[in-house]
Protein chains: 2
Amino acid sequence: MTLTKEAGRYGMERQPFASAANVSERLAQPPALAISTVIFALRPSEASGRPTLWLPLVRRIREPFQGLWALPGGPLTQAESLQDAAARNLQDTTGLAPSYLEQLYAFGGLHRSPSQRVVSIVYWAMVQPTEAEMAQESENVKWFRADGLETLAFDHNQIVDYALWRLRNKMAYGPIAYHLLGETFTLAQVREVYEAVLDRTMDPANFRRQLKQTAHIEPTGEYLQGGKHRPPRLYRYTGNIAEDSPAPHPRADNA
Amino acid sequence: MTLTKEAGRYGMERQPFASAANVSERLAQPPALAISTVIFALRPSEASGRPTLWLPLVRRIREPFQGLWALPGGPLTQAESLQDAAARNLQDTTGLAPSYLEQLYAFGGLHRSPSQRVVSIVYWAMVQPTEAEMAQESENVKWFRADGLETLAFDHNQIVDYALWRLRNKMAYGPIAYHLLGETFTLAQVREVYEAVLDRTMDPANFRRQLKQTAHIEPTGEYLQGGKHRPPRLYRYTGNIAEDSPAPHPRADNA
DNA sequence: CTTAGTTAAAGTCATGTTGACTACAACTGA
DNA sequence: TCAGTTGTAGTCAACATGACTTTAACTAAG
């Protein structure tokens with residue numbers, strides 16, 4: 001089982017190893033370090049009216065990729081941790097507070113940006129659709145449907161795809177779905193989130209049974225009024241997001 | 001559901017957001033970027049003789065933390081991707097080829113290093129115990145048991161703990177265990193890996209049944225000779241590591 | 001007031017998986 | 001030949017899952 005055989009498995013490019021002698025040369029021009037954030041929120045689809053995934057993008061106002069849409073991001077400030085930087089991006093872009101925030105991946109390919117080499121540490125977040133209704137669209141900030149995106153700047157299409165993949169993976173287990181909803185919600189709304197993200201219908205009865213067993217939710221005692229039919233019971237999330245599994249390391253960012 | 005309430009959930013530190021005006025100031029002194037690798041391998045325990053997890057550490061030969069043990073790592077070369085840099089660390093340190101290599105996490109706390117701020121992109125790897133028997137110990141490179149480590153340099157204890165947590169998590173599902181073994185192995189050896197990493201005994205009969213159903217292995221037709229008892233059948237791993245779930249994005253590092 | 005229509009909510013049943021356990025086979029060494 | 005050990009297969013109850021049925025609660029039309 002040689003290295004060459006193994007290399008194909010995890011996509012490592014074979015390449016002669018640099019000698020340890022030219023350390024000074026390596027440090028000559030360190031790569032730029034950027035923080036970006038993939039922000040997911042729920043919005044009713046124009047067509048069906050059912051909730052679907054959306055994310056905000058910003059328009060590039062300079063080269064490279066001027067005019068194209070890109071993930072919100074920027075350089076890392078000296079005074080802020082990685083997670084703080086991601087949260088600040090989110091605040092600057094949408095004006096919303098993140099209901100969930102987690103590191104996605106560090107992208108460090110050699111040719112992600114045409115001129116200088118850029119290493120991007122990307123976070124992904126979820127915001128609740130309640131406050132402000134995510135209204136803060138402008139000339140250079142716009143919300144897009146998460147699936148079927150047009151061509152974005154840099155490798156941001158791949159990054160969004162990866163974030164979507166991880167969102168779906170985390171959704172399958174763990175109670176993250178609640179962070180796309182408001183403070184209170186009906187069980188049908190939770191199911192709609194699962195159906196939208198995982199892209200398949202689920203039996204309402206079985207879904208209810210499973211939720212009551214595993215997830216930490218409790219009825220508020222109130223009911224959602226205003227509908228045309230029997231008003232559904234409202235619930236509240238009571239669990240702690242830090243114990244999701246598989247999940248990121250709690251406080252891994254703080255040191 | 002305010003930001004303050006939410007902040008406690010994922011451990012984000014509340015902090016005034018920097019204004020967008022002082023971008024030039026931010027770029028004045030960019031953080032240093034380092035690549036480190038947590039390398040796991042299987043070794044028989046001195047006491048019980050059963051296989052346990054070990055990892056190689058290097059001694060710091062300069063300040064800060066001079067004399068303490070640390071994860072192998074170094075700066076990022078301009079010409080190599082993040083994963084290549086991690087693989088080079090592994091090669092320089094152990095001389096072994098990685099059987100598995102995956103990004104762990106980007107650690108970017110403000111005070112990880114006393115003097116300059118350092119952002120570390122950490123990978124974790126698994127090597128097979130066969131070739132070279134991991135013999136390459138020296139004055140400044142030594143193997144340690146993964147549990148019960150002494151105090152390491154920087155925040156490397158936390159990083160190792162996180163890597164262990166993720167290894168256990170990945171082991172529970174997915175067929176990564178084979179990457180700690182050689183090309184051929186017995187089912188009992190696989191079970192011993194699970195027992196060592198997950199730290200609990202497993203029923204041999206049930207373990208066999210599950211493996212045959214899910215994991216992709218096939219008998220080689222040969223048997224392991226030399227034991228005192230009935231010779232066990234030898235197996236070979238036939239699956240593709242890229243389809244593990246949950247897993248890192250295939251080729252996320254290449255762009 | 002009655003009834004049709006819709007949704008919430010709970011229950012039923014067959015199927016598959018899991019963990020604990022038993023039984024048998026194969027081999028070594030005394 | 002026998003005792004001891006390990007590989008291998010099978011059984012069984014407990015449990016979770018998916019598909020489905022049934023009842024309850026409510027609105028709106030007639």
Side-chain angles (χ1 to χ4, degrees), chain A residues 44 48-51 168-169 171-175 177-178 181 184-196 198-237 245, chain B residues 44 48-51 168-169 171-175 177-178 181-182 184-237 245:
Chain A
S48 67
R50 311 179 69 82
R168 296 196 169 106
N169 226 305
M171 186 89 73
Y173 316 86
Y178 307 107
L181 297 167
T184 62
F185 43 82
T186 69
L187 293 187
Q189 284 174 323
V190 181
R191 181 170 47 82
E192 278 180 323
V193 174
Y194 274 81
E195 290 181 340
L198 301 181
D199 197 31
R200 62 190 179 96
T201 63
M202 316 189 78
D203 187 287
N206 297 333
F207 187 81
R208 148 184 313 275
R209 194 205 325 166
Q210 275 178 270
L211 271 200
K212 293 221 178 169
Q213 281 179 356
T214 63
H216 320 133
I217 53 176
E218 62 180 15
T220 65
E222 298 180 342
Y223 293 80
L224 180 62
Q225 301 296 348
K228 294 175 180 289
H229 306 291
R230 171 178 175 183
R233 197 187 294 258
L234 283 173
Y235 290 82
R236 179 190 299 115
Y237 179 59
S245 176
Chain B
S48 67
R50 310 179 69 84
R168 296 197 169 105
N169 225 305
M171 186 89 72
Y173 316 84
Y178 307 108
L181 297 167
T184 62
F185 44 82
T186 70
L187 294 188
Q189 285 174 322
V190 182
R191 182 170 48 81
E192 279 180 322
V193 174
Y194 274 81
E195 290 180 339
V197 175
L198 301 181
D199 195 32
R200 61 188 179 97
T201 63
M202 317 189 78
D203 187 287
N206 296 333
F207 187 81
R208 147 183 313 275
R209 194 205 326 167
Q210 276 178 268
L211 271 200
K212 293 221 178 169
Q213 282 179 356
T214 62
H216 321 134
I217 53 176
E218 62 180 14
T220 66
E222 298 180 342
Y223 293 81
L224 180 61
Q225 302 295 348
K228 294 176 182 288
H229 307 289
R230 171 179 173 181
R233 198 186 294 258
L234 283 173
Y235 289 83
R236 178 190 299 114
Y237 180 59
S245 176

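Heavy-atom basis, side chains included; hydrogens, waters and symmetry copies ignored. Below, chains carry the letters A, B, ... as their sequence lines are ordered, and counting in each starts from 1.
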Nucleotide C:dT7, atom P - distance to OH of A:Tyr223 in whole Å: 19 Å
What are the atom names and distances for every N/O pair under 3.5 Å that joins the protein to nucleotides 4-7 of chain D?
residue	atom	partner	partner atom	Å
D:dG7	N3	B:Arg230	NH1	3.2

Apply the ring-ring contact (aromatic ring centres under 6.0 Å, His included) test between A:Tyr178 and each candidate in A:Tyr237, A:Tyr235, A:Tyr194; give the one that qualifies. A:Tyr237
Would you give the length of the straight line joining atom CG of A:Asn169 to atom CG of A:Leu198, rounded to the nearest 0.5 angstrom? 9.5 Å
Would you kindly give the CG-to-C1' distance between A:Leu198 and D:dG18, to the nearest whole Å? 16 Å
Euclidean distance, atom CZ of residue A:Phe207 to atom P of D:dA16 [Å, nearest integer]: 18 Å
Where along nucleotides 14-21 of chain C does protein come under 4.0 Å, by heavy atom, of base (B) or sugar-phosphate alone (S), with - for untouched nucleotides? ----BBBB
D:dA9 OP1/OP2 closer than 4.0 Å to side-chain N/O of B:Lys212: yes
Looking at side-chain heavy atoms only, is the closest gap between B:Leu187 and B:Phe207 below 4.5 Å? no
Can you sort out the partners of A:Thr186 under side-chain contact (heavy atoms from CB on, under 4.5 Å), two or more places apart, ordered by chain and number? A:Ala188, A:Gln189, A:Leu224, A:Pro232, A:Leu234
Rounded to whole Å, please give me the gap between CG in A:Leu211 and C1' in C:dA9. 13 Å
Nearest heavy-atom approach of B:Ala196 to B:Pro51 is CB-O, 3.1 Å
Can you list everything that forms a side-chain hydrogen bond (donor to acceptor under 3.5 Å, both in side chains) with A:Glu195? Sequence neighbours excluded, please. A:Arg50, A:Arg191
Residue list, side-chain hydrogen bond (donor to acceptor under 3.5 Å, both in side chains) with A:Arg168, at least two apart or on another chain: none
Pairs satisfying salt bridge (charged side-chain N to carboxylate O under 4.0 Å, His left out), at least one member in residues 198-226 of chain B, at least two apart: B:Glu218-B:Arg236
